Amino acid sequence: MFFSQLKRTWNKKGELSLRYQYRFYEENFLADMNIEDRLAEVRKDQARLNFRYQLSNSWEIANRVEFVQFLKSGELPQYGILAYQDLQWIGMSRRWKASGRLVYFNIDSYNARIYSFESDMLYSFSFPFFFHHGFRFYFNQRWNINSRWTVWTKYGISKYFDIDHLGSGLDRIDKDYRSEIRLQVRFRW
């Protein structure tokens, strides 16, 4: 395994980073190949370019592009790309904060999947992985009504272009998109 990252920060407002990761390991061949006397060589390369910039005291943007290549003996190469744009706003009184993200992904297979952290509500986090071909959008907000009440909401939708259903069994959805809406309210005494 090899990992390298270059990072440049300027004026505490902007940040640019480039990351490269290389992994080499061995695993079993697919069962239908009937190869039992040796292991398949697997190579996975990932490259990520990340940019973040604080436009003002209230606005911040972030962009990321990530590439992955998965090579395994006896199989076709598998590739993936994920790109996203973040926009975050914090009110001048710091009582309201909102953020949104638009993600595009085109990933050949589960082996080439790409993980991406998402902002979420209090005591919760999202770290989904992406594969197939599609878009994801989410909007997240926090509102401090006063010193006792705080409200969080999150809306997200994922749309796929290359599949006509999601999930399996009792979790199967016969549509090419999945959406979610969540609400959390906290009262402190």
Side-chain angles (χ1 to χ4, degrees), residues 5 7 9 12-17 19 21 46 48-66 68 80-107 109-110 112-189:
Q5 179 169 313
K7 187 175 181 181
T9 304
K12 296 183 181 179
K13 287 187 163 197
E15 179 181 293
L16 181 67
S17 65
R19 175 186 292 183
Q21 184 173 5
Q46 285 184 264
R48 174 189 294 176
L49 179 64
N50 198 60
F51 173 74
R52 181 189 59 79
Y53 190 76
Q54 187 172 351
L55 298 170
S56 68
N57 290 335
S58 298
W59 292 95
E60 182 177 302
I61 60 169
N63 306 79
R64 176 176 292 171
V65 179
E66 188 160 348
V68 66
I81 182 172
L82 177 138
Y84 72 66
Q85 171 72 56
D86 275 348
L87 184 62
Q88 180 176 307
W89 178 79
I90 300 174
M92 295 304 282
S93 66
R94 303 282 188 221
R95 294 178 68 179
W96 193 43
K97 177 181 177 181
S99 63
R101 176 179 289 175
L102 180 62
V103 181
Y104 168 78
F105 54 95
N106 190 357
I107 301 167
S109 72
Y110 180 79
R113 66 193 176 276
I114 298 175
Y115 290 86
S116 178
F117 179 80
E118 288 187 356
S119 298
D120 215 320
M121 298 189 283
L122 183 66
Y123 307 126
S124 180
F125 69 93
S126 296
F127 200 65
F129 61 85
F130 295 91
F131 74 102
H132 291 299
H133 180 210
F135 281 97
R136 171 150 175 83
F137 168 78
Y138 78 85
F139 176 78
N140 204 4
Q141 73 88 34
R142 182 200 72 216
W143 181 31
N144 294 324
I145 299 171
N146 55 37
S147 62
R148 294 181 178 263
W149 290 94
T150 306
V151 176
W152 289 266
T153 59
K154 182 174 183 180
Y155 172 76
I157 185 166
S158 299
K159 167 82 169 134
Y160 296 89
F161 302 120
D162 58 346
I163 55 177
D164 59 359
H165 69 275
L166 298 164
S168 62
L170 295 175
D171 290 331
R172 183 180 168 116
I173 300 172
D174 289 323
K175 297 192 185 300
D176 60 355
Y177 66 91
R178 174 180 290 161
S179 61
E180 64 177 322
I181 187 165
R182 294 191 286 170
L183 172 69
Q184 183 178 18
V185 178
R186 178 177 68 177
F187 175 74
R188 290 189 284 191
W189 63 88

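All values derive from a computational prediction rather than experimental measurement.
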Does the side chain of N140 come under 3.5 Å of the side chain of S119 through a donor N or O and an acceptor N or O? no

Testing the 3.5 Å rule here: is there a donor-acceptor pair between the side chains of R113 and Y115? yes

Is a salt bridge present between E180 and R182, judged by a nitrogen-to-oxygen distance below 4.0 Å? yes

If you look only at distance, which donor and acceptor atoms sit under 3.5 Å apart when one is on a side chain in residues 123-135 and the other is two or more places apart or in another chain?
{"from": "S126", "atom 1": "OG", "to": "D120", "atom 2": "OD2", "distance (Å)": "2.5"}
{"from": "H133", "atom 1": "NE2", "to": "Y104", "atom 2": "OH", "distance (Å)": "3.1"}

Taking the six-membered ring of F139, is the NZ or CZ of K154 close enough (under 6.0 Å from the centre) and on axis enough (within 45°)? no

Does any N or O in the side chain of T9 come within less than 3.5 Å of the main-chain N or O of K12, such that one atom is a donor and the other an acceptor? no

Evaluate L183 against V151 for side-chain contact (heavy atoms from CB on, under 4.5 Å), listing each step before the verdict. CA-CA 7 Å; L183 172 69; V151 176; 3.7 Å; yes

F137-Y177 aromatic ring centre distance below 6.0 Å: no

E60 to R52 - nearest heavy-atom pair and separation: OE2-CD, 3.3 Å

Could you tell me whether R101 and E118 make a salt bridge, using a distance below 4.0 angstrom between a side-chain N and a carboxylate O? no

Could you check I61 against D86 for side-chain contact (heavy atoms from CB on, under 4.5 Å), going step by step and ending with a plain yes or no? CA-CA 5 Å; I61 60 169; D86 275 348; over 6 Å; no

Are L16 and L49 packed together at the side-chain level, in the sense that at least one heavy-atom pair is separated by less than 4.5 angstrom? yes

side-chain contact (heavy atoms from CB on, under 4.5 Å) between V65 and R48: does it pass, once the steps are laid out? CA-CA 6 Å; V65 179; R48 174 189 294 176; over 6 Å; no

Between the side chains of Q141 and W96, does any donor sit under 3.5 Å from an acceptor? yes

Between K97 and Q88, is there a side-chain heavy-atom distance shorter than 4.5 Å? yes

Please indicate whether K175 has more than 12 foreign heavy atoms, meaning atoms of other residues, nucleotides or ligands, lying under 6.0 Å from its NZ. no

Apply side-chain contact (heavy atoms from CB on, under 4.5 Å) to the pair H165 and R172, showing each step before the final yes or no. CA-CA 7 Å; H165 69 275; R172 183 180 168 116; 3.4 Å; yes

Main chain of R188, side chain of R148: is a donor-acceptor contact present, judged purely on distance under 3.5 Å? yes

